[in-house]
Engineer: 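Please read through the structure below; I'll follow up with questions.
Note that the coordinates shown come from a computational prediction; the quantities given were computed from them, not determined experimentally. Only heavy atoms go into these numbers, but all of them, side chains included; no hydrogens, no water, no symmetry mates.
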Amino acid sequence: MVKVITYGTFDLLHYGHIRLLERAKALGDYLIVGVTSDDFDRSRGKINVQQSLMERMEAVRATGLADKIIVEEYEGQKIDDIKQYGVDIFAIGSDWKGKFDYLNEFCQVIYLPRTQGISSSQIRQKERQISLGIVGSSAFVNKLSAECRYVNGIRISGLYSEMDIGPEVDRSCFEFVTDDYDRLLDASDAVYMHEYPAAHYRLIARALQKGKHVICSSPVALTRREYEELTKMAQDNHCVLMDGIKTAYSTAYQRLILLLKSGHIGRVVSVDATCTSLVDVSRIKDYGKEWGSITDWGPTALLPVFQIAGTEYRSFAITTHRLADTSFDTFTKIDFTYDSLTATIKVGNGIKSEGEMVVAGTLGYIYVPAPWWKTDYFEIRYENQTNNRRYFYQLDGEGIRYELVCFAKAISSGSAAPYSCIDGKVSGQICQVMEAYYQNQNMKFI
C-alpha cells in the first residue's frame with residue numbers, strides 16, 4: 001500500500017483544494033490529510049482564516065477523498081507524521097516548490113500543479129471590502145496602517161484628527177488626510193478611533209448616527225452613562241461598536257485566562273498589573289485633554305482585573321499624582337477589594353516601573369514578565385518548582401492585527417458578540433472607573 005500525505009488550511013474549501021486532493025489521492029492507495037489548527041495558522045501568520053478547525057475538517061471529510069484526517073499543531077510535525085504513519089509520498093502545491101525538499105530524507109516529495117486563478121485569499125478578498133477611516137494623530141496610526149495590510153477585506157481610506165498630526169505620522173499610508181470629519185465618514189464603512197478620550201463620545205456618536213461601525217481605543221467613553229448611550233446607539237443603527245484593547249486579542253493572554261478559569265492555580269486571591277512608560281511631560285499640551293496615565297494605560301491594566309476578578313468589586317481607593325494645574329496624571333494606583341480577593345493596578349506616564357503582572361492563587365501563581373500587555377510568554381509557578389510550567393505563543397503586531405480580524409468578522413456577521421474578546425460589562429466598568437477618577441471619588445493626591 002502506497003501512503004500519501006498532504007497538508008493545508010483548507011479555508012473556504014474550493015475547487016482548487018479539491019483538485020489538489022484528487023491529484024494527491026491518485027499518487028497512491030491511502031491519503032492522509034493534515035488540517036492546520038487555528039493556533040498553528042496564527043503562528044504562521046494566517047490570521048484571517050474564516051472557518052473554525054472543525055468546519056474545515058468537515059469540509060475535507062465531505063469530499064470523500066481523505067482516508068484519514070489529522071490535525072497539524074506544531075512546527076516539525078510533518079516529520080513525526082511521516083514516520084508514525086509510514087508515509088511513502090509527501091504531496092503539496094507547487095506554490096511551495098523547494099520549501100519541503102528536506103523531507104526527501106524521509107519519503108518522496110512531489111509538488112503538485114496549483115489550480116490557477118483561485119485561492120482562499122482571493123475568495124476572502126472578493127468579499128465586501130471594508131473601507132476603514134482612522135481618527136488619530138500619534139505614531140500609533142503608523143502601526144495600525146501597517147497591520148491593516150495583513151488583514152484581507154480591510155482597506156484604509158483617510159486620516160482625521162482634531163489634534164495636530166505630528167511629523168512622525170506617515171501620511172503616505174492614507175488616500176487623504178483631512179480636518180473634515182464628515183469627509184472621512186462619507187469615505188469609510190468603519191472607523192478606528194484613537195483620539196484624545198474626551199472626544200470619543202462625540203466622535204463615536206457622530207459615526208454611529210451615519211451608520212458607520214466603530215472600534216475605539218479604550219476607554220470608549222469617560223462615563224458609564226455615555227458608554228451605555230453609545231451601545232444603544234450602535235444597536236439602533238445596526239452598527240458594530242468594539243472596545244479596542246489589543247492585549248485582549250493576543251494568544252498568550254487568552255490562554256492565560258483559560259488556564260486560570262481551569263483552576264491551574266486554585267482560587268485566585270489577588271491580581272496585580274503594572275503599566276508604565278516614559279513620556280516628555282513638558283509636552284503635555286500635545287497629549288490632549290484627559291490623556292494621562294489613567295486613560296492611556298488604565299484600560300489595559302484594568303482588563304485582567306475585571307476579566308479575572310470580575311466587575312463586582314466591593315470598594316476601591318485611588319492614589320494619584322497630577323501635574324500642577326492639569327488633569328494629567330503621571331502616576332495612578334487603584335486598589336480594589338472584592339468579597340474574597342484583592343486587585344491592584346499601577347499606571348504611569350512619566351515614571352518607569354517593572355511592567356509585570358502577577359496573579360496569585362491558593363495553589364500557585366501566574367507570572368507575566370514585562371511588558372505583560374504584549375507578552376508571548378508567561379509562567380505558572382508552584383511551591384514545588386519542578387511542577388513549574390512555561391508557555392510560549394507567537395505574537396504578531398502586538399495583537400492589533402488579530403483585533404482587526406475580529407472587527408472585520410463582526411462587521412461581516414452584523415454582531416460584535418461572537419468576535420469581541422471584551423464583553424460589555426468589562427467595557428462599561430472601565431468607563432465607570434474613568435468617571436470615578438475624574439470626579440475624584442475615593443481619591444488621595446500625592
Side-chain angles (χ1 to χ4, degrees), residues 1-124 150 152 251-252 255 376-377 389-396 402:
M1 176 185 291
V2 177
K3 290 186 177 181
V4 183
I5 195 167
T6 190
Y7 295 84
T9 301
F10 301 106
D11 189 35
L12 304 174
L13 191 81
H14 52 70
Y15 178 67
H17 290 140
I18 296 172
R19 286 292 296 134
L20 183 140
L21 293 175
E22 289 174 340
R23 293 184 181 116
K25 179 83 169 181
L27 295 173
D29 308 300
Y30 189 87
L31 178 62
I32 303 170
V33 179
V35 181
T36 55
S37 69
D38 298 330
D39 284 345
F40 190 49
D41 272 329
R42 277 193 172 192
S43 72
R44 300 186 306 153
K46 299 190 73 170
I47 61 165
N48 216 17
V49 174
Q50 299 294 299
Q51 295 178 299
S52 69
L53 174 62
M54 292 305 299
E55 288 173 322
R56 291 181 283 118
M57 291 179 69
E58 284 303 315
V60 171
R61 184 174 288 109
T63 67
L65 296 168
D67 295 290
K68 184 177 185 64
I69 300 174
I70 61 175
V71 179
E72 185 181 22
E73 300 182 272
Y74 58 90
E75 194 73 35
Q77 183 178 330
K78 292 179 177 66
I79 294 175
D80 289 344
D81 290 341
I82 289 168
K83 290 180 177 179
Q84 178 181 349
Y85 298 110
V87 170
D88 302 288
I89 298 172
F90 171 85
I92 201 75
S94 58
D95 48 325
W96 292 98
K97 191 170 182 64
K99 173 73 173 178
F100 297 104
D101 287 353
Y102 70 94
L103 294 177
N104 277 309
E105 180 182 344
F106 308 96
C107 67
Q108 182 183 2
V109 175
I110 296 178
Y111 296 99
L112 299 170
R114 179 177 176 175
T115 305
Q116 297 298 313
I118 186 168
S119 71
S120 297
S121 294
Q122 290 172 330
I123 293 173
R124 288 191 292 263
Y150 293 94
N152 287 324
T251 303
R255 292 298 178 270
D376 55 4
Y377 160 77
R389 294 291 180 268
R390 297 178 178 180
Y391 297 84
F392 299 86
Y393 300 93
Q394 183 168 325
L395 176 64
D396 296 306
Y402 307 139

Engineer: Does any N or O in the side chain of N104 come within less than 3.5 Å of the main-chain N or O of D101, such that one atom is a donor and the other an acceptor?
Structural biologist: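 Between the backbone of D101 and the side chain of N104 there is a qualifying donor-acceptor contact (under 3.5 Å).
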
Engineer: Go through the steps to decide whether Y74 and D80 satisfy the test side-chain hydrogen bond (donor to acceptor under 3.5 Å, both in side chains), and finish with yes or no.
Structural biologist: CA-CA 10 Å; Y74 58 90; D80 289 344; 2.7 Å; yes

Engineer: Classify the ring geometry between Y102 and F100 as parallel (under 30°), tilted (30 to 60°) or perpendicular (over 60°).
Structural biologist: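 Ring orientation of Y102 relative to F100: tilted.
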
Engineer: Is a side-chain N or O of D376 found less than 3.5 angstrom from the main chain of F392, in a donor-acceptor match?
Structural biologist: no

Engineer: Can you name the nearest heavy-atom pair linking V60 to T63, along with the distance?
Structural biologist: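 Residues V60 and T63, closest heavy atoms: O-OG1, 2.6 Å.
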
Engineer: Taking atom CG of L395 and atom OG1 of T251, what is their separation to the nearest 0.5 Å?
Structural biologist: 7.5 Å

Engineer: So V4 and D88, do their side chains get closer than 4.5 Å, heavy atoms only?
Structural biologist: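 Sidechains of V4 and D88: no contact.
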
Engineer: Short question: side chain of K3, backbone of Y85 - any donor-acceptor pair under 3.5 Å?
Structural biologist: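 Yes.
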
Engineer: Do you know which two heavy atoms are closest between L53 and T36, and how far apart they sit?
Structural biologist: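 Closest approach of L53 to T36, heavy atoms only: CD1-O, 3.5 Å.
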
Engineer: Indicate yes or no for a side-chain donor-acceptor contact from E22 to the backbone of L65 under 3.5 Å, with no hydrogens or angles considered.
Structural biologist: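 Not confirmed, E22 side chain does not pair with L65 backbone.
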
Engineer: I need the minimum non-hydrogen distance between I5 and I70, along with the two atoms involved.
Structural biologist: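 So the two residues come closest at CD1-CD1, 4.3 Å.
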
Engineer: Quick check against the 3.5 Å criterion: does Q77 have a side-chain atom that pairs as donor or acceptor with the backbone of E73?
Structural biologist: yes

Engineer: Using the ring of Y30 (Phe, Tyr or Trp, six-membered ring only), decide whether K68 places NZ or CZ under 6.0 Å from its centre and within 45 degrees of its axis.
Structural biologist: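 No - K68 does not lie over the ring of Y30 by the 6.0 Å and 45° rule.
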
Engineer: Using modelled atom types only, decide if a donor and an acceptor are shared between the side chain of R56 and the backbone of T9 within a distance under 3.5 Å.
Structural biologist: yes

Engineer: Less than 4.5 Å apart, any side-chain heavy atom of L103 and any of Q108?
Structural biologist: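 The answer is no; the side chains never approach within 4.5 Å.
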
Engineer: Which value, rounded to the nearest 0.5 Å, describes the distance between Y111 atom OH and I92 atom CD1?
Structural biologist: 9.0 Å

Engineer: Can you tell me how far apart CD1 (I69) and CZ (F10) are? Round to the nearest 0.5 Å.
Structural biologist: 9.0 Å

Engineer: Between A59 and L13, which heavy-atom pair has the shortest distance, and what is it?
Structural biologist: O-CD2, 3.5 Å

Engineer: Would you compute the distance between atom OG of S94 and atom CZ of R23 and round it to the nearest 0.5 angstrom?
Structural biologist: 8.5 Å

Engineer: Once you measure the plane-to-plane angle for F90 and Y7, does it fall in the parallel (<30°), tilted (30-60°) or perpendicular (>60°) bin?
Structural biologist: tilted

Engineer: I want to know whether Y391 and Y377 have ring centres closer than 6.0 Å.
Structural biologist: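 Ring centres of Y377 and Y391 not closer than 6.0 Å.
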
Engineer: Ignoring hydrogens, what is the shortest heavy-atom contact between S37 and V71? Give both atom names and the distance.
Structural biologist: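 Nearest heavy atoms, S37 then V71: CB-CG1, 3.8 Å.
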
Engineer: Ignoring hydrogens and geometry, is there a side-chain-to-backbone donor-acceptor pair from T6 to A91 under 3.5 Å?
Structural biologist: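 Yes: the side chain of T6 pairs with the backbone of A91.
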
